[in-house]
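Here's the structure, in structure tokens; my notes come after.
A note on names: the letters A, B, ... follow the listed sequences, proteins ahead of strands, and every chain is numbered from 1.
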Amino acid sequence: MGVDISDLLTRHQTTLKEQKGIKVSIDAFNIMYQFLSSIRQPDGTPLTDTQGRVTSHLSGVFYRTINLLDAGIKPVYVFDGKPSSLKNRTLEARRLVKEKAKIELEVAREAGDEERVRSLSSRINYLSRDMVNEAMELLDYMGVPYVVAPSEGEAQASVMCKNGLVDGVISQDYDCILFGARRVFRNFTMFGRRKVPGRNIYLNVNPEYIDLEENLNLLGINRDQLIEIGIMVGTDFNRGIQRVGAKTAMKLIKKHGNIGNVLASKNMEIENLDEVIELFRNPPYMAEISTDLKRPDTDKIIDFLCNRHDFSPNRVEPYIQTLNLSVQKNFQKNLDSFF
DNA sequence: CGGACGTA
DNA sequence: TACGTCCGG
């Protein structure tokens with residue numbers, strides 16, 4: 001998913017605590033999908049309330065947000081709007097992959113292959129309109145600000161960072177770097193939590209950040225050139241050049257100066273090149289937004305999670321304690337000036 | 001994913 | 001204390 005320029009980037013290990021005091025934009029869909037694929041029952045189905053409504057994404061938003069606030073980090077969630085038409089091919093490809101996985105899932109179910117059922121179902125995540133609305137409703141009650149992007153959420157989150165509204169973007173995808181985010185945080189969980197890719201394999205995924213300016217300096221290129229490298233590798237909005245990865249793209253840019261010269265030298269073309277460049281340089285962006293925290297409404301949170309969606313009060317209440325405590329501890333000043 | 005709880 | 005396993009809705 002997204003552009004793979006990871007081989008070129010220099011990262012820094014970090015922790016939540018180390019980032020105390022910063023404000024971050026969060027790709028909301030990115031987080032919700034992460035939790036949808038990982039919080040599941042043994043048979044691979046996501047958690048639901050008694051009405052059958054999926055709740056895994058709500059756990060994700062709730063627990064993750066409180067962990068951030070507890071660490072003194074102020075989040076602003078960014079939801080996807082209408083995708084760019086340049087993304088159509090990618091979206092269609094993803095749809096086909098899911099379709100195929102669904103068929104394989106049926107086969108695996110019939111065969112009783114538990115492991116495969118689990119692995120396949122984690123790929124068939126679907127976020128309905130209702131699920132998204134419920135995540136927003138929960139954020140409202142928590143007093144956490146969010147924006148609906150005019151188009152790509154990652155673009156909105158990144159430009160907010162570029163323009164100084166936030167200090168960084170939390171996302172797993174490198175597209176944010178191309179969209180101009182000055183700093184991108186990845187694996188931004190409590191501490192290097194373990195992850196289960198297949199089944200019983202545990203991997204250490206440490207929180208890290210990537211600094212745009214530093215990377216441009218180290219690579220000796222400007223942002224336009226980095227965008228062009230990404231385009232050569234391939235993004236959600238264009239097919240890249242065959243057999244060209246990040247390292248090769250970098251060499252080509254160094255040799256020819258820009259993507260136009262590279263393509264001319266190979267006598268090749270990239271579909272919608274100018275539009276894709278323009279999209280990364282200047283994506284649709286909503287400027288009039290609030291990034292301020294508000295006081296959480298404890299009663300509404302409990303009603304929403306416990307009464308409406310069958311969360312256990314025993315589990316939710318300690319988190320609400322933490323939420324209120326961290327708001328007092330870290331954000332009281334901001335809140336007082338806000339009200 | 002992230003926490004609770006068991007066992008060594 | 002360290003780590004594995006289970007469970008959440």
Worksheet item: Heavy-atom distance under 4.5 Å between the side chains of A/E154 and A/C176, does that happen here?
Response: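 Heavy-atom side-chain distance check passes, below 4.5 Å.
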Worksheet item: Going by heavy atoms in the side chains, are A/D70 and A/K329 under 4.5 Å from each other?
Response: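 Sidechains of A/K329 and A/D70: in contact.
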Take the protein atom [atom1] of [X] and the nucleotide atom [atom2] of [N], then report the distance between them rounded to whole Å.
X: A/R315; N: C/dC7; atom1: CZ; atom2: P; value: 11 Å
X: A/E317; N: C/dG8; atom1: CD; atom2: P; value: 17 Å
X: A/I39; N: B/dG3; atom1: CD1; atom2: P; value: 11 Å

Establish, with yes or no, whether the OP1 or OP2 oxygen of [N] is under 4.0 angstrom from a side-chain nitrogen or oxygen of [X].
X: A/R64; N: B/dG2; answer: yes
X: A/Y319; N: B/dG3; answer: yes
X: A/N67; N: B/dG3; answer: yes

Item to complete: Show your working on side-chain hydrogen bond (donor to acceptor under 3.5 Å, both in side chains) between A/T14 and A/E18 and close with a plain yes or no.
Response: CA-CA 6 Å; A/T14 188; A/E18 206 176 286; 3.1 Å; yes
Over all strands shown, is [X] touching base, sugar-phosphate only, or nothing at heavy-atom distances under 4.0 angstrom?
X: A/S312; answer: sugar-phosphate
X: A/T48; answer: base
X: A/Y63; answer: nothing

Worksheet item: Are any of the side-chain nitrogens in A/E213 or A/R183 under 4.0 Å away from the carboxylate oxygens of its partner?
Response: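 Answer for the salt bridge query: no.
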